Amino acid sequence: MDGPPASDWCSVCYGKFKVPCQANCSHWFCGDCIMLVWHHASAIQPCKCPLCRRQITLLVPSEAAQRERRYPEVAKILQEVETYNRLFGGHSRGLFQRMQDLPFLLRRLLRELMDPQRSLPLVIRARVYIAMILSGIYILSPVDIIPEGMVGAVGLLDDILIGLICFLHVAAIYRSVLYYRHGGSS
């Protein structure tokens, strides 16, 4: 989605979205509402989602909000979101946080890869495809670190780990793209 569902509303102010932003937990908020949540909690650490209580380490403004940047009040909110992303969006806090962010990032990446109107830089696209192809070749090849023929189902462990590492790598690449696209390069 390029924006929140039409029938949805902000869970902080219970109104229609003003400058909608999607958090890394996939929930949508008004940009100014989630900034208020952050300022009232602690300005030195990321805030938690009011719905699921996951730590918000990345806020992605909707495409419509980006197009309305020319309005001063929208520009101010987007500037605050970019500041938040600069402080907390550059990296995940650990493996557990990365695993939680994986569905959000992969879903957005897949949508962006499939949409001919969206343009990921060629280098990023190539890195994603190469990582996926190489891990697919390893998983499908009969050569394994732990051979399935000798140890049975335990031999699938290395295939699962390679797949997980690939997905984490691809998600990290895409997180950095989102980070620089929405405030990291200012």
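Sequence positions, counted from 1, serve as the residue numbers for this chain. Computed from a prediction, not measured in an experiment: that's the story for all the values here.
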## Note on the structure
CG of Leu78 to CD of Glu73, rounded to nearest 0.5 Å, is 10.5 Å
### Message
Could you report the tightest heavy-atom contact between Val81 and Met35, atom names first, then the distance?
### Response
N-SD, 4.1 Å
Enumerate donor-acceptor pairs with a distance under 3.5 Å from any side-chain N or O in residues 5-19 to protein atoms, sequence neighbours excluded.
none

### Message
Between Tyr129 and Phe167, is there shared hydrophobic-cluster membership here, with clusters defined by ILVMFWY side-chain heavy atoms closer than 4.5 Å?
### Response
yes
### Tyr138: side chain to side chain donor-acceptor pair (under 3.5 Å) partners, not counting sequence neighbours
Asp158
### Query
How far apart are the closest heavy atoms of Cys47 and Val37, and which atoms are they?
CB-CG1, 4.2 Å
### Task
Measure the CG-CD1 distance between Leu134 and Ile162 for me, rounded to the nearest 0.5 Å.
10.5 Å
### Pairing of Arg69 and Glu63 as salt bridge, 4.0 angstrom limit
no
#### Entry: For Cys49 against Cys52, the heavy-atom pair lying closest together
SG-N, 3.5 Å
### Query
Under 3.5 Å, is there a donor-acceptor pair between the side chain of Ser26 and the main chain of Gln22?
no
### Query
With no hydrogens and no angle check, is any side-chain donor or acceptor of Asn85 less than 3.5 Å from a backbone partner on Leu58?
no
### Task
Indicate the atoms forming the closest heavy-atom contact of Met132 with Val170, along with that distance.
CG-CG2, 4.2 Å
### Query
So which heavy atom on Ser135 is nearest to which on Cys166, and how close?
OG-SG, 3.1 Å
#### Entry: Shortest non-hydrogen contact between Ile34 and Leu59, atoms and distance
CG2-CD1, 3.8 Å
### Message
Quick check for you: to the nearest 0.5 Å, what is the distance between Phe88 atom CZ and Gln55 atom CD?
### Response
8.5 Å
### Task
Say whether, by atom type as modelled, one donor and one acceptor occur between the side chain of Arg53 and the main chain of Pro50 under 3.5 angstrom.
no
### Query
In the single-linkage hydrophobic clustering (I, L, V, M, F, W, Y; side-chain heavy atoms under 4.5 Å), do Leu164 and Val128 co-cluster?
yes
### Task
Could you check if a side-chain atom of Asn24 sits within less than 4.5 angstrom of a side-chain atom of Arg54, using non-hydrogen atoms only?
yes
### Task
State whether the side chain of Tyr84 and the backbone N or O of Pro46 hold a donor-acceptor pair below 3.5 Å, judged by distance alone.
no
### Message
Hydrophobic clusters here meaning ILVMFWY residues chained together by side-chain heavy-atom distances under 4.5 Å, can you tell me if Ile173 and Val60 are in one?
### Response
yes
### Query
Would you say Asp32's side chain and Ile77's backbone share a donor-acceptor pair under 3.5 angstrom?
no
#### Entry: Euclidean distance, Leu161 CG relative to Leu168 CG, rounded to 0.5 Å
10.5 Å
### Query
Which distance, rounded to the nearest 0.5 Å, do you find between the CD of Glu80 and the SG of Cys21?
10.5 Å
